[in-house]
Amino acid sequence: MLGSGVRRTRAWAALALAALVASVSPGAVPVLNGYRSPRNPERRIRASTELIVLHTTEAPARSSLNKVSDRGECHFCVTESGQIFRIVDRDREAFHSGRSMWNGREDVDKFSVGIECVGYHNKRMPDAQLNAIRDLVKDLKAMYRIPDERVVCHSHVAYGAPNRWHKFKHRGRKRCGMLFAMPSVRRRLGLFRRPAFDPDTRARRLRSADEYLRQVLYGTVDTMASLYPAVKAPAPQPARPVPAPPTYAPPRPAQTSPTVQKPSAVVAPRPHPTIRAAPSSGGAPKSVEQLKARGYVAVGTVSKGVTAVKIAGRRWKSPDTYYTIRDKVIPGNQIDDSRIEKGMRVWMKK
Ligand SMILES: [Zn+2]
């Protein structure tokens with residue numbers, strides 16, 4: 001562990017170094033050169049640029065930077081602290097998409113810019129990092145005239161060859177960059193549209209092999225919605241009552257909750273509705289009995305093929321959806337893929 005004095009000295013050294021190597025490119029975003037790829041000179045100049053592809057490295061910064069630099073795997077790499085490193089020159093080909101297809105065209109590397117973001121496909125990123133990604137994407141969009149809906153994530157374009165589990169070419173090979181398809185995160189990045197459908201599964205060139213991913217890319221699953229809400233929460237209301245929906249399944253189409261008022265000043269082309277439940281008084285329920293006493297009913301049990309999303313729809317991570325297993329009661333806002341287990345019962349308000 002470092003003493004704070006040492007840490008401060010290192011921080012200053014890093015700042016001084018950053019100032020030395022920083023250049024302003026593209027646009028006004030400072031880009032660092034400390035990890036330029038040795039592969040750079042051998043890469044061809046790209047014929048066209050039609051997509052910006054966002055990735056998550058699924059590893060910490062240092063190892064991520066070393067790897068993408070050694071192999072020339074992206075054009076830019078953005079760290080958690082918001083530093084942007086140039087890896088491969090932006091007009092050359094970087095090998096970031098692997099087996100990939102978009103709108104019938106294979107090998108997306110040939111017509112895209114790739115940005116690796118240090119972090120994980122389903123985890124929140126620090127604000128400094130999101131700001132840097134936002135600024136970089138904004139510059140690249142302007143430079144290559146790319147509209148919002150052609151800023152995609154790796155999982156939009158990656159596909160898998162037939163294998164023992166999937167007899168067909170399939171979408172769903174990777175969940176890389178998945179969070180960047182979520183409307184709330186896109187809004188945070190200044191992106192207000194996303195691809196409305198998968199052109200390759202629609203044309204039956206590919207089949208969808210990851211239903212959860214499909215729901216994130218094109219459906220209403222947005223696990224970051226509570227972090228980046230579309231609208232401000234209304235002033236605290238006297239406890240209760242949120243009108244109950246008539247049924248729980250199937251998930252209702254997007255509809256603004258009646259308790260959420262949209263301030264007229266907020267204008268977004270595609271507002272993503274966010275359900276923010278007013279926590280009921282008396283703290284979170286701690287047992288099945290307390291859930292029942294507060295009017296919750298079990299609406300399903302997670303099992304093979306029956307996911308939390310299938311049971312609770314877009315409210316699967318809502319704070320007023322609860323999961324019970326053994327003696328535990330877990331609110332939906334503390335649930336993610338890794339905490340879901342078979343046998344969990346899902347509770348929602350009657
Ligand atoms: Zn990727």
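Each ligand, and each atom within it, is numbered from 1 in the order the structure gives.
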Checklist entry - Applying the 4.5 Å side-chain criterion to the ILVMFWY set and letting contacts propagate, would Val68 and Tyr120 be lumped into a single cluster? => result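 Val68 does not cluster with Tyr120.
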
Checklist entry - Are His96 and His154 an aromatic pair by the rule of ring centers under 6.0 Å? => result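 Judged by ring-centre distance (under 6.0 Å), His96 and His154 do not meet the cut-off.
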
Checklist entry - Which pairs count as salt bridge (charged side-chain N to carboxylate O under 4.0 Å, His left out) when at least one residue sits in residues 154-169, sequence neighbours excluded? => result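 Sorted result for residues 154-169: Glu106-Lys169.
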
Checklist entry - Number of protein N/O/S atoms less than 2.8 Å from the Zn ion (ligand 1)? => result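 My tally for this metal is 3.
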
Checklist entry - Does any pair with a residue in residues 298-309 pass side chain to side chain donor-acceptor pair (under 3.5 Å), and if so which ones, sequence neighbours excluded? => result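 Qualifying pairs: none.
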
Which atom pairs, one a donor and one an acceptor, fall under 3.5 Å between side chains of residues 70-80 and the rest of the protein, sequence neighbours left out?
{"residue": "Glu73", "atom": "OE1", "partner": "Lys67", "partner atom": "NZ", "Å": "2.9"}
{"residue": "His75", "atom": "ND1", "partner": "Gly114", "partner atom": "N", "Å": "2.9"}
{"residue": "His75", "atom": "NE2", "partner": "Arg46", "partner atom": "NH1", "Å": "3.1"}
{"residue": "His75", "atom": "NE2", "partner": "Arg92", "partner atom": "O", "Å": "2.7"}
{"residue": "Thr79", "atom": "OG1", "partner": "Ser81", "partner atom": "N", "Å": "3.4"}
{"residue": "Thr79", "atom": "OG1", "partner": "Ser81", "partner atom": "OG", "Å": "3.2"}
{"residue": "Thr79", "atom": "OG1", "partner": "Gln83", "partner atom": "N", "Å": "3.1"}

Next on the checklist: Whether Arg173 engages the ring of Tyr159 as a cation-pi pair (distance to the six-membered ring centre under 6.0 angstrom, angle to the ring normal within 45°) should be assessed.
Outcome noted: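 Pair Arg173/Tyr159 does not count as cation-pi.
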
